[in-house]
*Asks:* 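Can you keep this structure in mind? I'll have questions shortly.
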There are 2 protein chains.
Amino acid sequence: MTQEIKRKITRQTLIDKGYELINTYGYHAISIDTIIDEVGLTKGAFYYHFSNKHHFVEAIIQERVSKEIHSNFIEPLNERGNPIFILTDLFHDKLLKDKSLNQQLGSPLTNFINDLSHEQNDYGLQLQLKEIFDEWKIALINFLYRGIEGGCLNRHIDTESTAEFIIASVEGIRTLKKVTSNEGIFYNYMQQLKNFFDTLKIPKEELQGNQYYYAAS
Amino acid sequence: MTQEIKRKITRQTLIDKGYELINTYGYHAISIDTIIDEVGLTKGAFYYHFSNKHHFVEAIIQERVSKEIHSNFIEPLNERGNPIFILTDLFHDKLLKDKSLNQQLGSPLTNFINDLSHEQNDYGLQLQLKEIFDEWKIALINFLYRGIEGGCLNRHIDTESTAEFIIASVEGIRTLKKVTSNEGIFYNYMQQLKNFFDTLKIPKEELQGNQYYYAAS
DNA sequence: CAAAAAACATACTAATCAGTATTGTTTTTT
DNA sequence: AAAAAACAATACTGATTAGTATGTTTTTTG
């Protein structure tokens with residue numbers, strides 16, 4: 001095995017375990033010793049790949065937290081069709097079906113925001129997390145805009161505040177899942193999210209033979 | 001000054017500074033030494049009042065986090081009138097006017113949930129936070145129920161999921177406020193929250209005395 | 001193959017952590 | 001006024017922390 005591959009594997013092993021542990025227990029609760037013990041490596045390996053703990057978590061945010069939002073909540077927005085169907089299906093899949101999201105741990109984005117938002121010696125961690133949020137928001141805004149252009153959504157909706165509201169609600173419900181014993185909390189959430197999506201529809205008065213619109217679910 | 005008063009002041013001083021620092025930087029990021037230095041006390045004082053750090057944060061949750069939710073978001077629900085007006089005014093006041101809530105720090109409830117949800121040697125901290133959430137939820141459910149009984153809200157709404165959705169959205173938006181530079185994020189939020197509240201209103205058909213109705217789902 | 005560089009291991013340090021043991025100082029009670 | 005109790009300060013401990021300095025092994029390169 002070539003050196004380059006081995007190096008990348010070692011680095012990735014540290015990143016993956018670090019993400020898992022920090023997302024579960026928090027940045028300050030997890031020591032570097034714990035991480036290297038878990039993967040069977042040593043300080044030498046860790047500090048060869050990362051200059052300090054801050055740069056380590058910075059890499060984790062770039063390579064894992066960002067990816068979690070991108071692959072799960074941004075990329076699916078490229079699908080074509082009725083935007084309300086797409087959004088409903090997307091959140092339904094991610095919250096109720098996708099076991100890989102390990103919902104008992106909440107949302108990684110919110111977890112890392114809470115963990116790192118007031119760090120001293122901040123190497124720009126806040127900015128990185130803000131950018132993930134911004135990307136998600138812009139993707140949703142464009143998605144909603146396409147829905148309006150395609151004649152599926154009410155052209156009077158405010159795309160920015162709608163996008164922010166959707167993100168806030170899903171991040172919020174994933175946080176509450178961490179403490180509640182209500183197993184149906186995501187099912188309940190989908191119910192109300194659909195109600196909210198109804199406010200994005202084209203009013204009946206304007207509905208004149210629009211093929212994409214669907215009557216009350 | 002009597003001994004009892006002095007004791008209570010010392011205790012309260014520790015609780016207040018602990019709440020402030022832990023809510024800002026996190027439970028694991030703040031040491032007991034930091035807290036006592038900030039208030040000019042010593043370890044002797046701290047450990048006379050609290051047996052350990054866990055019981056300390058337990059007291060903070062009981063006496064400060066719980067109170068933040070109660071006084072700001074639960075007690076105002078006792079007001080009488082149109083429930084949608086009351087809720088709209090309440091959130092508008094708390095998010096856009098009340099400077100004491102120091103919104104750059106996010107929501108204490110979410111902050112503490114994220115900080116303590118996966119503690120080892122958990123002295124029941126999760127349970128305490130869950131109870132705050134439950135109290136808030138039940139208070140909202142009862143509030144919505146009174147709105148239905150009073151003929152102000154659609155009697156077909158699901159009060160539980162509606163309550164959960166409102167809490168999730170406001171906790172979510174307060175979390176996003178921590179990283180965003182968008183100063184108007186709470187204004188935008190109020191806009192969409194009002195849209196959501198529209199889904200709780202009594203349908204026009206019923207308002208006009210029409211006895212017929214159709215289920216929304 | 002040998003020298004050089006890369007990738008990781010070992011052993012340490014100084015600082016900080018939660019918590020304890022002891023002592024000192026007020027207040028209250030007797 | 002003496003004794004007791006309450007409250008807080010001082011000085012410590014062992015464990016853990018992030019980070020460093022220096023080895024050792026493996027791979028690449030001339």
Side-chain angles (χ1 to χ4, degrees), chain A residues 1-19 21-22 24-61 112 115-116 118-125, chain B residues 1-19 21-22 24-61 112 115-116 118-125:
Chain A
M1 184 156 43
T2 132
Q3 205 168 27
E4 192 189 355
I5 293 177
K6 269 186 72 177
R7 187 187 63 221
K8 285 185 177 174
I9 288 177
T10 302
R11 199 190 116 98
Q12 197 60 43
T13 305
L14 288 166
I15 291 268
D16 288 346
K17 183 58 76 177
Y19 171 72
L21 289 172
I22 291 175
T24 306
Y25 299 102
Y27 176 73
H28 296 278
I30 291 299
S31 69
I32 291 163
D33 290 282
T34 303
I35 296 168
I36 57 180
D37 282 359
E38 283 275 322
V39 297
L41 286 167
T42 58
K43 286 246 164 115
F46 183 91
Y47 282 98
Y48 177 78
H49 289 279
F50 309 98
S51 57
N52 54 46
K53 201 183 177 187
H54 263 98
H55 286 125
F56 178 58
V57 76
E58 199 172 328
I60 289 176
I61 292 170
F112 277 78
D115 236 33
L116 303 167
H118 282 272
E119 274 300 287
Q120 51 269 66
N121 290 335
D122 194 323
Y123 285 58
L125 298 175
Chain B
M1 185 156 43
T2 148
Q3 207 169 24
E4 192 188 354
I5 293 177
K6 270 185 72 178
R7 186 187 64 220
K8 284 185 176 173
I9 288 177
T10 302
R11 200 191 115 97
Q12 197 60 44
T13 305
L14 288 166
I15 290 268
D16 289 346
K17 182 60 74 177
Y19 171 72
L21 289 172
I22 291 174
T24 306
Y25 299 102
Y27 176 73
H28 297 278
I30 292 299
S31 69
I32 290 163
D33 289 282
T34 303
I35 295 167
I36 58 180
D37 281 359
E38 284 275 322
V39 297
L41 286 167
T42 58
K43 287 243 164 123
F46 183 91
Y47 281 99
Y48 176 78
H49 290 280
F50 308 99
S51 56
N52 55 47
K53 202 183 178 187
H54 262 98
H55 286 125
F56 178 58
V57 76
E58 198 171 328
I60 289 176
I61 292 171
F112 277 78
D115 235 33
L116 303 166
H118 282 273
E119 274 299 287
Q120 52 270 65
N121 289 338
D122 195 324
Y123 285 57
L125 299 175

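Order of the sequence lines fixes the chain letters, A, B, ..., with proteins taken first and strands second; residue numbering starts at 1 for each chain.
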*Asks:* Using heavy atoms to find the nearest nucleotide of DNA chain D for B:Glu4 and A:Glu4 separately, return the residue whose nucleotide is more 5′.
*Replies:* B:Glu4
*Asks:* Which residue pairs pass the salt bridge (Lys or Arg N to Asp or Glu O under 4.0 Å) test with at least one member in residues 47-57 of chain B, sequence neighbours excluded?
*Replies:*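 Counting only pairs at least two positions apart or across chains, no salt bridge (Lys or Arg N to Asp or Glu O under 4.0 Å) contact touches residues 47-57 of chain B.
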*Asks:* Please report, rounded to the nearest Å, how far the P atom of D:dT13 is from the OH atom of B:Tyr47.
*Replies:*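 Distance, rounded to whole Å: 17 Å.
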*Asks:* Could you check B:Phe56 against B:His49 for side chain to side chain contact (heavy atoms under 4.5 Å, CB included), going step by step and ending with a plain yes or no?
*Replies:* CA-CA 9 Å; B:Phe56 178 58; B:His49 290 280; over 6 Å; no
*Asks:* Rounding to an integer number of Å, can you tell me how far A:His54 NE2 sits from D:dG19 C1'?
*Replies:* 14 Å
*Asks:* Are the side chains of B:Tyr27 and B:His54 in touch, meaning some heavy atoms are under 4.5 Å apart?
*Replies:*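 In short, these two side chains touch, coming nearer than 4.5 Å.
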*Asks:* Return the polar atom pairs (N/O with N/O) between nucleotides 8-10 of chain C and the protein under 3.5 Å, or none.
*Replies:*
{"unit_1": "C:dC8", "atom_1": "OP1", "unit_2": "A:Thr10", "atom_2": "OG1", "d": "2.6"}
{"unit_1": "C:dC8", "atom_1": "OP2", "unit_2": "A:His49", "atom_2": "NE2", "d": "2.7"}
{"unit_1": "C:dA9", "atom_1": "OP2", "unit_2": "A:Thr42", "atom_2": "N", "d": "3.2"}
{"unit_1": "C:dA9", "atom_1": "OP2", "unit_2": "A:Thr42", "atom_2": "OG1", "d": "2.7"}
{"unit_1": "C:dA9", "atom_1": "O5'", "unit_2": "A:Thr42", "atom_2": "OG1", "d": "3.3"}

*Asks:* Tell me whether the OP1 or OP2 atom of D:dT27 has a side-chain N or O from A:Thr2 closer than 4.0 Å.
*Replies:*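 The answer is no; no side-chain N or O of A:Thr2 sits under 4.0 Å from OP1 or OP2.
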*Asks:* According to side-chain hydrogen bond (donor to acceptor under 3.5 Å, both in side chains), who are the partners of A:Thr42, at least two apart in sequence or on a separate chain?
*Replies:*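 With neighbours one apart ignored, the set is empty.
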*Asks:* May I have the distance from B:Lys53 (atom NZ) to C:dT20 (atom C1'), rounded to whole angstrom?
*Replies:*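 It works out to 17 Å between those atoms.
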*Asks:* Name all residues meeting the side-chain contact (heavy atoms from CB on, under 4.5 Å) criterion together with A:Asp37; count only those two or more places apart in sequence or in a different chain, and write none if there are none.
*Replies:*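 Applying side-chain contact (heavy atoms from CB on, under 4.5 Å) to A:Asp37 gives none.
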*Asks:* Using OP1 and OP2 only, check whether a side-chain N or O of A:Ser31 sits under 4.0 Å from D:dT16.
*Replies:* no
*Asks:* Can you see which heavy atom on B:Gly18 is nearest to which on B:Ile35, and at what distance?
*Replies:*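 Closest approach of B:Gly18 to B:Ile35: CA-CD1, 4.1 Å.
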*Asks:* Expressed as a whole number of angstroms, how long is the span from B:Asn52:CG to C:dG19:P?
*Replies:* 5 Å
*Asks:* Quick one: closest heavy-atom pair of A:Phe46 and A:Ile36, and the distance?
*Replies:*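 Closest approach of A:Phe46 to A:Ile36, heavy atoms only: CB-CG2, 4.0 Å.
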*Asks:* With the side chain of B:Ile32 defined as its heavy atoms from C-beta on, choose the nearest nucleotide among D:dT28, D:dA6, C:dG19.
*Replies:*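 My answer, after comparing the listed nucleotides, is C:dG19.
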*Asks:* Please figure out whether A:Thr34 or A:Ser51 has its closest DNA chain D nucleotide nearer the 5' end.
*Replies:*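 Looking at DNA chain D, the more 5' nearest nucleotide goes with A:Thr34.
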*Asks:* Rounded to whole angstroms, how far apart are CG on B:Asp33 and P on D:dT13?
*Replies:* 16 Å
*Asks:* Which residues satisfy the salt bridge (Lys or Arg N to Asp or Glu O under 4.0 Å) test with A:Asp16, sequence neighbours excluded?
*Replies:* A:Arg64
*Asks:* Could you write out DNA chain C as dot-bracket? Rules: Watson-Crick or G-U wobble, both distances under 3.5 Å, brackets [ ] for crossings, | for pairs with another strand, dot for unpaired.
*Replies:* ||||||||||||||||||||||||||||||
*Asks:* Round to the nearest Å and state the distance from A:Phe50 atom CZ to D:dA18 atom P.
*Replies:* 15 Å
*Asks:* Classify the nucleic acid contact of B:Ile30 as base, sugar-phosphate or nothing, counting any heavy atom under 4.0 Å across all strands shown.
*Replies:* sugar-phosphate
*Asks:* Step by step, would you call B:Phe112 with B:Tyr19 a side chain to side chain contact (heavy atoms under 4.5 Å, CB included)?
*Replies:* CA-CA 10 Å; B:Phe112 277 78; B:Tyr19 171 72; 4.2 Å; yes
*Asks:* Just how far, in rounded Å, is C1' of D:dA9 from CD1 of B:Ile36?
*Replies:*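 Atom-to-atom, B:Ile36 to D:dA9, this comes out as 10 Å.
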*Asks:* Quick one: A:Lys8 NZ to D:dT27 P, roughly how many Å, whole number?
*Replies:* 17 Å
